Amino acid sequence: MQDTLLTIVLAPLIGAIIAGLLPVSRRIAHSVTIGAVGLAFFLSAYVFYQIIFAGHAIYNETLYTWLVAGNVRLEVGFMIDSLTAVMMLVVTFVSWMVHIYTIGYMHDDPGYNRFFSYISLFTFSMLMLVMSNNFVQLFFGWEAVGLVSYLLIGFWYTRDTAIYANLKAFLVNRVGDFGFALGIAAVLMAFNSLNYGEVFGLAQAGEYKQTISIFAGHEWSMITVMCILLFVGAMGKSAQFPLHVWLPDSMEGPTPISALIHAATMVTAGIFMVARMSPLFELSTTALSFVMVVGAITAFFMGLLGLVQHDIKRVVAYSTLSQLGYMTVALGASAYTAGIFHLMTHAFFKALLFLGAGSVIIAMHHEQDMRKMGGLKKYMPITYWTMLIGSLALIGVPGMSGFFSKDAIIEAVHHAYDADRAGAWFAYYSVLFGVFITALYTFRMFFLTFHGKERMDEHTKEHLHETPWVVTGPLIALAIPSIFIGMFTIGPMLFGGYFSDSIFVAAAHNPFDPEHYHGFISFMLHGLIQPPVWLAAAGVGVAYFLYMKRPELPEIIAKRSGIVYKILVEKYYFDRFNDWFFAGGTRKVGTFMWQFGDVRFIDGFINGMADLIDWFAGVFRKVQTGFLYHYAFAMLIGLAVMLGAFVY
Amino acid sequence: MFTDLSLLSILMWLPILGGVWILIIGDKQASLVRPIALIISLLTFLLSLPLFFAFDTTTAAMQFTEKVNWIPAFGINYHLGVDGISMPLIILTTFTSVLIILAGWEVIKDKISQYMAAFLIMEGLINGVFAALDAVLFYVLWEAMLIPMFLIIGIWGGPNKIYATIKFFLYTFFGSVLMLIALLYLYFQANSFAIQDYHTLPIPLEAQMWIFIAFLVAFAVKVPMWPVHTWLPDAHVEAPTGGSVILAAIMLKMGGYGFLRFSLPITPDASSKLDWLIIAMSLIAIVYISFVAIVQKDMKKLIAYSSISHMGFATLGFFIGFMIYKNTGSIDGGVMAMEGGMVQMISHGFISGALFLCVGVLYDRMHSRQIADYGGVANVMPRFAMFVVLFAMANAGLPATSGFVGEFLVIIASFQANFWIAFAAATIMILGASYTLWMVKRVIFGKIGNDKVAALQDINKRELLILSVLAAMVLLFGIYPAPLLEVMDATVQNLVEHILRSKIPL
């Protein structure tokens, strides 16, 4: 097993090194990396089979000791349970598809090899993150995916917007990591270990330091503080309000990485992390409520922003933010399994939507503005149909994968609402009305792109045609699970105890009762009479009316709604505030401290001392005149004074 | 024959004598000077490796010791030895010296033999400082080392070099004089110049306080800690590349070493009483100096400020143990923090050295250190850009680089002392990334800034070699720091146990 796991992790790393550091041809660069990630995928499937079907026990072994400090031993190792197995499969599959797609998308780019190197490196980092058996390695993977994300957003490093976006992404993520690192410190303080197995065991046994004093005299619950700090890390990586600001800008990177990193895998690391830490979060309903409310704000308010975007990728990006909010809400409602379930279905259909958007962008000669598209259906049939599947999955049409996972989340929040969890009412209505918003922005995008008038210029129109197979192949490969994965996995994942070895839910919190589950068809039929389906239908209907029937209306509405529209276009003024307060403020403070603190105050004092000494020296130098009679005179006076002193 | 020779003496005298030899050869045979200097430094480095591989990690006692009467009338001995704290620092010195000789290879054209000799002599003196177990020997070497540094900045420095050298010299000299007074006091109390005798000498609290303050001034200037740090940016800006490297990579570590060898073990009660002062100064260094670093316009100044801020982690790690002990009743947190501080010192040696070398690469080509004069360097120097991004990430404390290990250990350990101390220290994760990556953005990324940038040549083989070696070290100690912590573990354990015992006479 260890050899298999090592191969899974190291193959993409070696691929990245070959493509990135060695002077190889384009053909070798993409062959090696695609081969390596493909190998990782097949071996992950094998591991998945071993863990899930062949009844292999949880694998938890140390690879080597990273360091020993004090009485704490920090190690590098793997832990493979059902949660890890699912993540490995999702990560390697989406990554593999994106690798193949990249051949088409980056065809003319001079940084071809570099790109393949980066995405393979990303795959390595992400695998290290999900396969870790301890907090330090988790943090390594966490930061390493952040690094690759930084490199890839800024891939076209001559573009000012790209290098602005990547710096922003890294720094905002660092704010999250700042909390995360403190959270890890809290774990160490409470449990005196950073190994998952030990920490979770002690947590369940109740053997840990219960309180922490943050403000003198007030003892706070250690677990609550720890979980909120850890969740701050998740807020950065999974782009939760108010640390969401980096994700829309990250669209400056090439589209394949938007699909891989900023939709399917990296941004879901926060969700994975909280699910992994379920034995800790279950101990604090306060922390869970915090998680739920943050997720609800993200789910609803970020969805609204998707309504006013004109860039096709940005619509999908805001959709991703909103869907990450859904997953987070699920975590907060103790429905970790539903969060991971949605993570998985979302990985497929959102990667599909991004790659589909990328396919459109290729055909449009890198035009991303939907106002210059329209009627693409007849030019790009494969893209059209696969995008339709992705859209239907996203809005949760019964039967599609997204339906099962989203409905499960809404049910779980409803359960929490019934159980009177703090903030659950807010979360419930947010995710419910979020469904309407989701359907509206999704089909706004869909109609604007593929239907209606052809608004592109003549030159572009002449060249419009379907993209090559390396692009459409992955679309089809992703469309299949986007339809089917939900119906086949909902039973075991949510109700069948599939995650019982890895996710812990307190009995009182568990929203999914196996007694009430009678197969996915009855789940579907039950869903048909629930509000979400009708809200989704209403969303599509409104989109159809506004963008197909009366295409002149949206502009009128935008004008009439004045201030509301302005706020949405300005993204709630977050970017402006951050630029002014954090970026600008930091520079002001820095300049002040430098010019006043260092230059004026400290150096002023030092140089002042020097000047003073100089002045004294100047005065005393005059004493040394070089005239013998001056010295003799001074000696006489001195003698007189000393004698006088002796006499009296 | 060889066994009679003592390793530490060789490490000290080989470069010094080599330097003198090079001075005798002189500039007339400049083509000989470079290879000889390289061979001497390389040989010293290779000879320092047995210190690591033959090191007994189970004991805190001094190893590789040697002791010869020097001035018997006053009981002054030529007494050398290393433990888990000084040994890694010596190897860091010999390692860095090789790179410095290489870095000055074709760049220095003026007075090449003196330049190489100055660095070799300084290397020997610094090795001596770290190995000296006699207070007088230590003090003499500590001061002597200032002379070559003074010359390096004063002769091969930039336009404002006189101001910088005087400032540097006065600051450090002022500090050392107070240390001399403290050492003399200790001599009269212990009737010995052996540093280890001072460790066991009982001292009343009031005297400890005065000694502690005297040491603090000396070492705080060297580290440098806020508010006595302003000499460092000026010295760096004016120093030639090699001078900056040795300043950042090695000399600053002497201050940190001083705290571990003198302040903490000699005056543990005063250290415990005044730990808040050091912690406050460290946190100010981390936060305040980071803000100052963000707005720097000169790359060297920015890295200099970054050095001050990162060294704050070393001092924080050394002194946080008292509070952790009070809070948890266990010494383990203190050990972790102190080891974190030590790792930070070693790692900072690689990273700051590498960053100064990177600036040197650019300066050699453009003769400017101003960030505004660059832009889009990655377009014309892709290989160089790769190294800069790597070292920048290491400076920002990315895991899998050595920069992460020390900071992480200090943060998670200080959390056990007080939430807010860890909170303030952890801001380095945001601030450090801000100043480093913002500089990278403006210098490396973007469109080609101007015609001069467009004409830049990528790094040559010599530069590639230097940066590759440093990159390998940064990654090695990030991925596998265990050996480094293993060699210092017994010593640090012992030291933490020692400082938690009162030395006040009953």
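In the text below, chain A, chain B and the rest are named by the order of the sequence lines, each starting its count at 1. All values derive from a computational prediction rather than experimental measurement. As a basis for the values below, the full set of heavy atoms in this structure was taken, side chains included, without hydrogen atoms, waters or symmetry mates.
- The parts of A:A186 that come within reach of chain B are both its backbone and its side chain, each placing non-hydrogen atoms under 4.5 angstrom from that chain.
- The two residues B:F408 and A:V136 make their nearest non-hydrogen contact at CE2-CG2, 3.9 Å.
- For B:M338, no part lies near chain A; criterion is any non-hydrogen pair under 4.5 Å.
- Ranked by heavy-atom pairs under 4.5 Å with chain B, the list A:F592, A:Y164, A:F170, A:W142 is led by A:F170.
- With rounding to the nearest 0.5 Å, the separation of OG1 in A:T586 from CG in B:L431 is 7.5 Å.
- The contact between B:L409 and chain A is made entirely by side chain atoms (from C-beta outward), counting heavy-atom distances below 4.5 Å.
- Contact annotation for A:V68: only backbone heavy atoms (N, CA, C, O) come within less than 4.5 Å of a heavy atom of chain B.
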Requested in this report: In sequence, state the C-alpha distance, the side-chain angles, and the governing distance for B:D332 and A:V72, and then conclude on side-chain contact (heavy atoms from CB on, under 4.5 Å).
Outcome: CA-CA 8 Å; B:D332 293 311; A:V72 180; over 6 Å; no
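- Atom CH2 of A:W220 has 12 or fewer neighbouring heavy atoms from other residues, nucleotides or ligands inside a 6.0 Å radius.
- For the pair B:H229/A:I602, a side-chain contact is recorded, criterion being any heavy-atom separation below 4.5 Å from C-beta on.
- Proximity to chain A (any heavy atom under 4.5 Å) is shown, for B:N418, by neither the backbone nor the side chain.
- If you take CD on B:Q416 and CE on A:M189, they are separated by 6.0 Å, rounding to the nearest 0.5 Å.
- Minimum heavy-atom separation, A:R174 to B:A433: CG-CB, 4.0 Å.
- Pairing each heavy atom of A:A69 with each of B:L485, the nearest pair is CB-CD2, 4.0 Å.
- When heavy atoms are compared at a cutoff of 4.5 Å, B:I430 approaches chain A by way of both its backbone and its side chain.
- Interface remark: B:V389 contributes side-chain atoms only to the contact with chain A (heavy atom separation under 4.5 Å).
- Put simply, CD1 on B:I284 and CE on A:M593 are 9.5 Å apart, with the number rounded to the nearest 0.5 Å.
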**Report entry** Stepwise side-chain contact (heavy atoms from CB on, under 4.5 Å) check, A:L229 with B:F419
**Finding:** CA-CA 12 Å; A:L229 286 172; B:F419 175 82; 4.0 Å; yes
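- The candidate with the highest count of non-hydrogen atom pairs below 4.5 Å against chain A, out of B:W226, B:Y435, B:Y305, is B:Y305.
- In this structure, chain B has heavy atoms under 4.5 Å from both the backbone and the side chain of A:I163.
- Heavy atoms of B:L398 lying under 4.5 Å from chain A belong to its backbone as well as its side chain.
- Heavy atoms closer than 4.5 Å to chain A are found nowhere in B:S330, neither backbone nor side chain.
- Side-chain contact between B:I444 and A:Y157: absent, with no pair of heavy atoms (C-beta onward) separated by less than 4.5 Å.
- Per-residue heavy-atom pair counts under 4.5 Å with chain A were compared for B:G446, B:A413, B:G432, and the maximum is reached by B:G446.
- When only modelled atom types and interatomic distance are considered, A:D603 and B:T230 share a side-chain donor-acceptor pair under 3.5 Å.
- Both the backbone and the side chain of B:F291 come within contact range of chain A, with heavy atoms under 4.5 Å apart.
- For chain A, no part of B:V343 is nearby; none of its heavy atoms comes within less than 4.5 Å.
- Interface remark: A:I613 contributes no atoms to any contact with chain B (heavy atom separation under 4.5 Å).
- Residue with the most contacts toward chain A among B:A378, B:P382, B:G340, B:A425: B:A378 (heavy-atom pairs, distance under 4.5 Å).
- Going from atom CE of B:M393 over to atom CD of A:E143 covers 9.5 Å, rounded to the nearest 0.5 Å.
- Taking every heavy atom of both residues into account, A:L67 and B:P481 meet most closely at CD2-CG, 3.7 Å.
- Ranked by heavy-atom pairs under 4.5 Å with chain A, the first of B:V492, B:I479, B:I428, B:N327 is B:I479.
- Shown here for B:Q493 and A:G70, the closest heavy-atom pair between the two residues is NE2-O, 4.4 Å.
- The aromatic ring centres of B:Y288 and A:W594 sit 6.0 Å or more apart.
- Contact of A:V599 with chain B is not made at all, since no heavy-atom distance falls under 4.5 Å.
- Contact count against chain B (heavy-atom pairs under 4.5 Å) is highest for A:D598 among A:N166, A:D598, A:L171.
- For the atom pair A:D160 CG and B:K441 NZ, the distance stands at 7.0 Å (nearest 0.5 Å).
- Residue A:F140 comes nearest to B:P399 through the heavy atom pair CA-CB, 3.7 Å, listed as atom of the first residue, atom of the second, then distance.
- Taking chain A as the reference chain and counting heavy-atom pairs below 4.5 Å, the highest number among B:V228, B:I411, B:T427, B:D234 is found for B:T427.
- Annotation: maximal heavy-atom pairing with chain A below 4.5 Å, among B:L170, B:N379, B:I448, B:I294, occurs at B:N379.
- No more than 12 heavy atoms of other residues, nucleotides or ligands shown are found within 6.0 angstrom of CZ on B:F174.
- Atom NZ of B:K297 has 12 or fewer heavy atoms from other residues, nucleotides or ligands within 6.0 Å.
- Heavy atoms of A:F605 lying under 4.5 Å from chain B are absent altogether.
- With chain B as partner, the option from A:L182, A:L74, A:T65 having the largest number of non-hydrogen pairs under 4.5 angstrom is A:L182.
- When heavy atoms are compared at a cutoff of 4.5 Å, B:E339 approaches chain A solely by way of its side chain, counted from C-beta outward.
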Query raised in the report: Which is it for B:M386 and A:L21 under the side-chain contact (heavy atoms from CB on, under 4.5 Å) test, yes or no, and what are the steps along the way?
Result: CA-CA 10 Å; B:M386 188 183 75; A:L21 294 185; 3.6 Å; yes
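- Taking the six-membered ring wherever Trp is involved, the centroid distance between the rings of A:F139 and B:F404 falls below 6.0 Å.
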Report task. Step by step, work out the side-chain contact (heavy atoms from CB on, under 4.5 Å) result for B:F445 and A:L167. Result -> CA-CA 11 Å; B:F445 295 140; A:L167 183 63; over 6 Å; no
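- Contacts between B:F423 and chain A at a heavy-atom distance below 4.5 Å involve backbone atoms as well as side-chain atoms.
- Separating the OH atom in B:Y480 from the OH atom in A:Y64 is a distance of 8.5 Å, to the nearest 0.5 Å.
- Heavy atoms closer than 4.5 Å to chain A are found nowhere in B:W231, neither backbone nor side chain.
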